[in-house]
Amino acid sequence: MTIDSVDYSTLMPNNVGLADDQKLLRALERWYPKYLEWWVDMGPSGFIHETPFQEADVWLRTAVSVEQDGWAKFDFVKMPEYRWGILLAPQEEDRTIPFGEHKGESAWQEVPGAYRAMLRRLIVIQGDTEPASVEQQRFLGRTAPSFYDMRNLFQVNVEEGRHLWAMVYLLQRYFGKDGREEAEELLRRRSGDEDRPRMLGAFNEETPDWLSFFLFTYFTDRDGKMQLEALAQSGFDPLSRTCRFMLAEEAHHMFVGATGVGRIVKATAEAMRDAGIDDPCDTERIRSLGVIDLPLIQRKLNLHFSLTLDLFGAEESTNAANAFNSGLKGRYHETAIDDDHQLFESTYPVTKYMDGEFRHVDVPALNALNARLRDDYVDDCAGGVKRWNRYISQAGIEFELALPHVAFHRQIGEFNGLAVTPEGGVTDEATWESHRGDYLPTEGDRVFIEDLMQQVTTPGEFASWIAPPQKGIGGQPVEFEYVQIPNT
Ligand code: BYC
């Protein structure tokens, strides 16, 4: 067996030669039961009829190879028995560090001593988001609009669990005792907990319903993609290889988000058209059709987009400059960028609010890496919104969903504390607050959605507020019973 082929003979499928590293194997074996305890406590919680989710058979994809083709197989699995594995993309021969002051040197196979703390922190922050999202989504199965969607939720959840494994492997393999302690801490923090919160803001917010879930997987998982892309450039090769493989799984999460929001928009637009309603603000009549009005979708979009922008950190950041300089974290598509990959001389235009207007101000590019990644992210977000709007225009309705201004509702960085409307108008705090309900979801929205979303457990049936998908998943038709109760 080569190091790249996946060993399935052990409890922990892996392509990192775990069987030959007894010390690491023992450390991971000690961590495993604690992870399972966390999964059972904080993973999907609820029932289908009388059966707990954790006992149901779910049509899940499991990674079985790290090759581009045929890397996953589908089968019925009970979630606690999912084969969470440690999978790294194949090692590139003679890979060099692609950026920063060590550019051109051989990529590190062990932790560079001088950067140990910074590297550990990046890995811990990345690792912390994975269980956090599972915690945020744990009750959603109770209101799943179909078996197809319930299965997608559980798929996302087990893969976020695997992504935690990916980071824990790096901590335990490369960071000794403090890595093992960090691995334990990752299971101790809890999303939204006052005393032991998750590390980044958006991961302590609620994901209370399916519209939020789809917007989260569209927007927040996309931050995951951008950050993983940036870490996949890392000169620390094991991190690079880990992130490269995680990105393959991440793509499905964004698919779930993009198509999920699209299907909700489609259901609304078509129901409005069929009922002859062309005013998107005729809320009561639209809601009485059992669909979600478009302005509410926009308010939720505003919330999730703005919370996610905060995940990029401050626009100008010495942390980001240090991580780049030292070769630990690159830019989005670093190797495809045509410049010196060191940025000692170059500048980058950062959006700032100055003298009563938003302006692009050139700052040293090294300090502006968070701003640059965020700008790349905003560009990447646009495609889905355009597709969602097509459903609306096809139904002959005049309404467009839009990304809010980057300065809207921000808590981190340049625009923190500035009262900005979704359109980018700067106002004062009191005026902004008096319009809060136009910008962000209200208590009334919450109550409406809570009432609307009920679990649907007939194969092939979908809740009124979401259109069926175009096709099924893992070779199965849409009406397949993706989540099954054993012995029924
Ligand atoms: N909340 O220089 P600054 C994913 C802290 S999502 C709370 O502005 P920096 C996923 C920061 O830690 C991707 N604190 O920013 C998606 C620092 O604290 P210290 C997750 C925040 O460091 C869906 C201080 O403020 N991965 O994978 O350049 C489902 C000053 O920081 C926040 C990563 O983010 C915040 N929003 O950049 C599942 C990659 N923002 O050190 C998974 C790894 C900043 O002074 N992390 N702070 O105590 C990083 O690259 C960077 O840490 C950040 C921040 C981009 C997050």
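For ligands, and for the atoms within them, numbers begin at 1 and follow the listed sequence. Side chains are part of it too, since the values below use all heavy atoms of this structure and drop only hydrogens, waters and symmetry mates. Positions are given from 1, in the same order as the sequence printed here.
Residue Asp221 has no N or O atom closer than 3.5 Å to an N or O atom of ligand 1. Polar contact with ligand 1: present for Gly201 (N/O pair, distance under 3.5 Å). Among the atoms of Gln126, some N or O lies under 3.5 angstrom from an N or O of ligand 1. Residue Leu231 places no N or O, backbone or side chain, under 3.5 Å from any N or O of ligand 1. Taking any N or O of Glu250, backbone or side chain, none lies under 3.5 Å from an N or O belonging to ligand 1.
Heavy atoms only, all atoms of each residue included: Ile449 and Leu211 are closest at CD1-CD2, 4.4 Å. In plain terms, the two heavy atoms of Leu186 and Arg198 that are nearest each other are O-NH1, 2.8 Å.
Summary of contacts: the protein heavy atom closest to atom 31 (O) of ligand 1 is Asn319 ND2, 3.6 Å. Looking at atom 40 (N) of ligand 1, its nearest protein heavy atom turns out to be Gly313 CA, 3.6 Å. The protein atom (non-hydrogen) at minimum distance from atom 55 (C) of ligand 1 is Leu311 O, 3.6 Å.
Below 4.0 Å from some heavy atom of Leu122 lie the following atoms of ligand 1, by number and element: 43 (C), 46 (N), 49 (C), 50 (O). Heavy-atom proximity to Asp223, at under 4.0 Å, picks out these atoms of ligand 1: 6 (S), 13 (C).
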N/O donor to acceptor pairs below 3.5 angstrom from side-chain atoms of residues 406-415, sequence neighbours left out:
from, atom 1, to, atom 2, distance (Å)
His409, ND1, Ser306, OG, 2.8
Arg410, NE, Asp310, OD1, 2.7
Arg410, NH1, Val406, O, 3.0
Arg410, NH2, Leu309, O, 3.3
Arg410, NH2, Asp310, OD1, 3.2
Arg410, NH2, Ile412, O, 3.4

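Within the 6.0 Å centre-distance limit, the rings of Trp39 and Trp84 are counted as a close aromatic pair.
Taking the side-chain hydrogen bond (donor to acceptor under 3.5 Å, both in side chains) definition, one finds that Glu443 meets it with Arg446, sequence neighbours left out.
Ring geometry for Tyr148 versus Tyr482: interplanar angle over 60°, hence perpendicular rather than tilted (30 to 60°).
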